[in-house]
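A note on names: the letters A, B, ... follow the listed sequences, proteins ahead of strands, and every chain is numbered from 1.
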Amino acid sequence: MPELPEVETVRAGLAKWVSGRTVASVEVRHPRAVRRHVAGADDLVSRLVGARLGDAARRGKYLWLALDGRDEALIGHLGMSGQLLVQPADLPDEKHLHVRMSFTDGGRELRFVDQRTFGGVMLDPLVPTVDHPSQFVPAQVAHIARDPIDPLFDDDLFSRRLRKRDSAIKRALLDQSLISGVGNIYADESLWRALLHGERPARLLKSATVTELLGHVRAVLNEALAAGGTSFDSLYVNVNGESGYFDRVLAAYGREGEPCMRCGTPIRRSSFMNRSSFWCPSCQRPPRLRRS
DNA sequence: TATTTAACCTGGACGC
DNA sequence: TGCGTCCAGGTTAAAT
């Protein structure tokens, strides 16, 4: 599942293979893949053809390529199963190929492939960021907080905002407007490392505990980034179609019934927000007062 | 206003 | 073999 390390791996691939190239043609094969481009597929195509793609940027799980000389960017979001692939034009179409983009140099195509179509691509105007107005992000990304490996991420601000939340810590970690880039997998891994149960109320955490947790979040993300991301079912791949291998070192996520790597207690799975949480009942003690 | 829930979607796993 | 059901989860509109 694409979280920050996976999206960053894809961004680096786009910077290498796509930035600086001029769009020759765009084929939208599935309208749902461009549903967030409100002006429609035809508008997306007409505005992209002839545009030169600039630097590849990312915030949280969103990535985008600014269009040279224009105040707008091509946004991509991978959702849960999206892939942005750079493929030879003569390679057969993928089963779930939804958008194909060719370039004037006649080189490899950019393809958006998505089994579950939660992701998509769109064009969006660039707007100044609230905290650093000299920086620009697409308008649809403006509400997304910086991610913890962003040099401009404000640790103190995050701690203050987190400890005002009247919700559980895991729910807060998944709130992209508070901290971006963390999904279900890395939230569970970070909480396991920090010895924190995900149902612990955020507002009762001490500042030092939040600082320690943030350190674990950063460590997990950086380790996953170095490994090229996580892969469980081949749904996540980089632009060349290769999978990461961070899943080999996951300590909690997906390990229900297996011994905790720290204490040997079987990892437990519990229902959380229509998905699952994995945690050690010995290392990560649930709060005494469960939320109703 | 702040927080929580449900819906979106497809294919693999599983039980019968 | 075939059918039905469950599950995975990022985002956001709708509900509370």
- Sequence neighbours excluded, which residues qualify as ring pair (Phe, Tyr, Trp, His ring centres under 6.0 Å) partners of Phe158(A)? Phe153(A)
- Query: End-to-end bend of the helix from dA2(B)-dT16(C) to dC16(B)-dG2(C) (five-pair axes, 10° rounding)?
  - Reply: 50°
- Out of dC7(C), dT4(B), dA7(B), minimum distance to the side chain of Arg269(A) belongs to dC7(C)
Mind listing the N/O atom pairs, protein and nucleotides 12-16 of chain C, below 3.5 Å?
| unit_1 | atom_1 | unit_2 | atom_2 | d |
| --- | --- | --- | --- | --- |
| dT12(C) | OP1 | Arg36(A) | NH2 | 2.8 |
| dT12(C) | OP1 | Tyr62(A) | OH | 2.9 |
| dT12(C) | OP2 | His143(A) | NE2 | 3.3 |

- With sequence neighbours excluded, tell me which residues meet side-chain hydrogen bond (donor to acceptor under 3.5 Å, both in side chains) with Arg160(A). none
- Message: Under 4.5 Å side-chain heavy-atom separation, chaining through any Ile, Leu, Val, Met, Phe, Trp or Tyr, what else clusters with Met273(A)? Say none if it is isolated.
- Response: Leu174(A), Phe272(A)
- Query: Arg35(A) side chain N/O closer than 4.0 Å to the phosphate oxygens (OP1, OP2) of dC8(B)?
  - Reply: no
- So ring pair (Phe, Tyr, Trp, His ring centres under 6.0 Å) across residues 65-85 of chain A, not counting sequence neighbours, yields Tyr62(A)-His77(A)
- Does Leu195(A) sit in a hydrophobic cluster with other residues, and if so which ones, taking ILVMFWY side chains as linked at heavy-atom separations under 4.5 Å, directly or through other members? none
- Which other residues belong to the hydrophobic cluster containing Val38(A), where Ile, Leu, Val, Met, Phe, Trp and Tyr are joined when side-chain heavy atoms lie under 4.5 Å apart, directly or via other members? none
- Item | Qualifying residues under side chain to side chain contact (heavy atoms under 4.5 Å, CB included), relative to Ala202(A), sequence neighbours excluded | Leu162(A), Arg165(A)
- Task: With sequence neighbours left out, write down each residue that passes ring pair (Phe, Tyr, Trp, His ring centres under 6.0 Å) with His30(A), or none if nothing qualifies.
- Result: His98(A)
- Partner set under side chain to side chain contact (heavy atoms under 4.5 Å, CB included) for Arg268(A), not counting sequence neighbours: Trp279(A), Pro281(A)
Pull out every protein N or O sitting under 3.5 Å from an N or O of nucleotides 11-14 of chain B, one pair per line with the distance.
| unit_1 | atom_1 | unit_2 | atom_2 | d |
| --- | --- | --- | --- | --- |
| dG11(B) | OP1 | His96(A) | NE2 | 2.8 |

